[in-house]
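Take a look at the structure set out below.
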Amino acid sequence: MFRKILWIGVIVLILTSFFTYRGYKNAVYQAVDPQDQTDISIQIKKGETAREIGQSLKEKGLIKSDFYFYAYTKFHDLSGSLLRGRFALKKSMTVPEMITILSDPSKAESILTIQEGLTIREIDQKLVDLGLIESGEFIKEVKIFKGWEYYDFLDKDTLSKLDLPLEGYLYPDTYFLDSADFKNHDVIYLALDNFEKKFSPYQKEIKRHSVHEIITMASIIEREVFGKENREIVSGILWKRLDSGWKLDADATLLYTKTDREITAADLNADSPYNTRRFGGLTPGPISNPSLESILAAMYPKESPYWFYLTTKDGDVVYAASNEEHNRNKAKYL
């Protein structure tokens, strides 16, 4: 009886192994649809594991089994060869064919996301992190920019005097870059073209200020507060301060010159045109690359009785109409 049970167990094991291997071969070496040549975009993010990549491929309908995809990468020790970026795959491909593409740098598009309010130096670091450049190369390309004549919103005479001439005009968005043939100027022109597309419908509506002044103010608003209404109110406060001969007193302008988020007593006394606690007027140029929301807030400020504002630790903005009220708010929220 025991021998019979043992033989049954062996047969079940053999059959299970056979069907498992058959399922593995079918899932790995046979395409989902050999006739479908449609390109399907797949994005692999930094830090994604082979298991997570397999799940994404399965969700896109590119593979039959994420489990067998993962098993193939483990069996052939391929997990570490899968690259981050955006790839074009087809349902007519087998798993080995897909992995060949996912492991080929020339097939990958690097994904650069410029978040709202990033600076050019921060964009440079993102490109370093993507493995596309050495530190400082993008900054150098910005400094030698020659395409002024292509963009009527760029004030060459003013911007060319700045350390980073295009700060404020590289529009925040996600850009797909050719990893195999990357050039820094590709990012510059993509971002400037995008800025032109977003900004041009509103450019003619600027009456009182120059484009440079609007973008500079927008860049400050972008780094000072979040949310459409808060940005419009703060815009009104900052323009009102300038019109009344007040200093802007904006922390964000001081932080632009620093590599950390701490403002010291020495910073407050710094002899810098970006120290708006000490010097009046706008900064010489933008301090970030602002969103359209901040640009429109700078163009269309909201009137209010307020002269002061602060941001709490929770991110809420608290306003005050007098210095006394502002001091009470500081004591309460900061």
Legend entry - With sequence neighbours excluded, residues passing ring-ring contact (aromatic ring centres under 6.0 Å, His included) with W246: W307, F308

Legend entry - Given I237, N230, I233, the one that forms side chain to side chain contact (heavy atoms under 4.5 Å, CB included) with Y309: I237

Inset, instruction - Run through the side-chain heavy atoms of Ile, Leu, Val, Met, Phe, Trp and Tyr, join any pair under 4.5 Å, and report what else lands in L268's cluster. - result: L254, L255, I263

Classify the ring geometry of [X] against [Y]: parallel below 30°, tilted from 30° to 60°, perpendicular beyond 60°.
X	Y	value
Y72	H76	tilted
F145	Y189	tilted
Y274	Y256	tilted
Y306	Y319	parallel

Closer than 3.5 angstrom, by distance alone: can the side chain of [X] be matched with the main-chain N or O of [Y] as a donor-acceptor pair?
X	Y	answer
T158	D155	no
T311	V317	no
E224	I220	no
T253	A250	yes
E97	T94	yes

So does [X] pair up with [Y], basic N to acidic O under 4.0 Å?
X	Y	answer
K90	D39	yes
R208	D243	yes
E48	R84	no
D173	K197	no
D124	K140	no
R51	D66	no
D267	R277	no
K302	E232	no
K198	E293	no
D260	K258	yes

Does atom [atom1] of [X] have more than 12 heavy-atom neighbours from other groups under 6.0 Å away?
X	atom1	value
E149	CD	yes
K240	NZ	yes
K58	NZ	no
F67	CZ	no

Inset, instruction - Of all the heavy-atom pairs spanning Q37 and S92, show the shortest one and how long it is. - result: NE2-OG, 3.2 Å

Legend entry - Nearest atoms (heavy-atom pairs only) where Y150 meets E196: O-OE2, 4.1 Å

Inset, instruction - State which residues pass side-chain hydrogen bond (donor to acceptor under 3.5 Å, both in side chains) with N329; sequence neighbours excluded, sorted by chain then number. - result: none

Inset, instruction - Determine whether the side chains of T312 and D314 contain a donor N or O and an acceptor N or O closer than 3.5 Å. - result: no

Legend entry - Aromatic contact, W148 with Y151 (centres under 6.0 Å): no

Inset, instruction - Assess the pair Y68 and F75: is the distance between their ring centroids shorter than 6.0 Å? - result: no

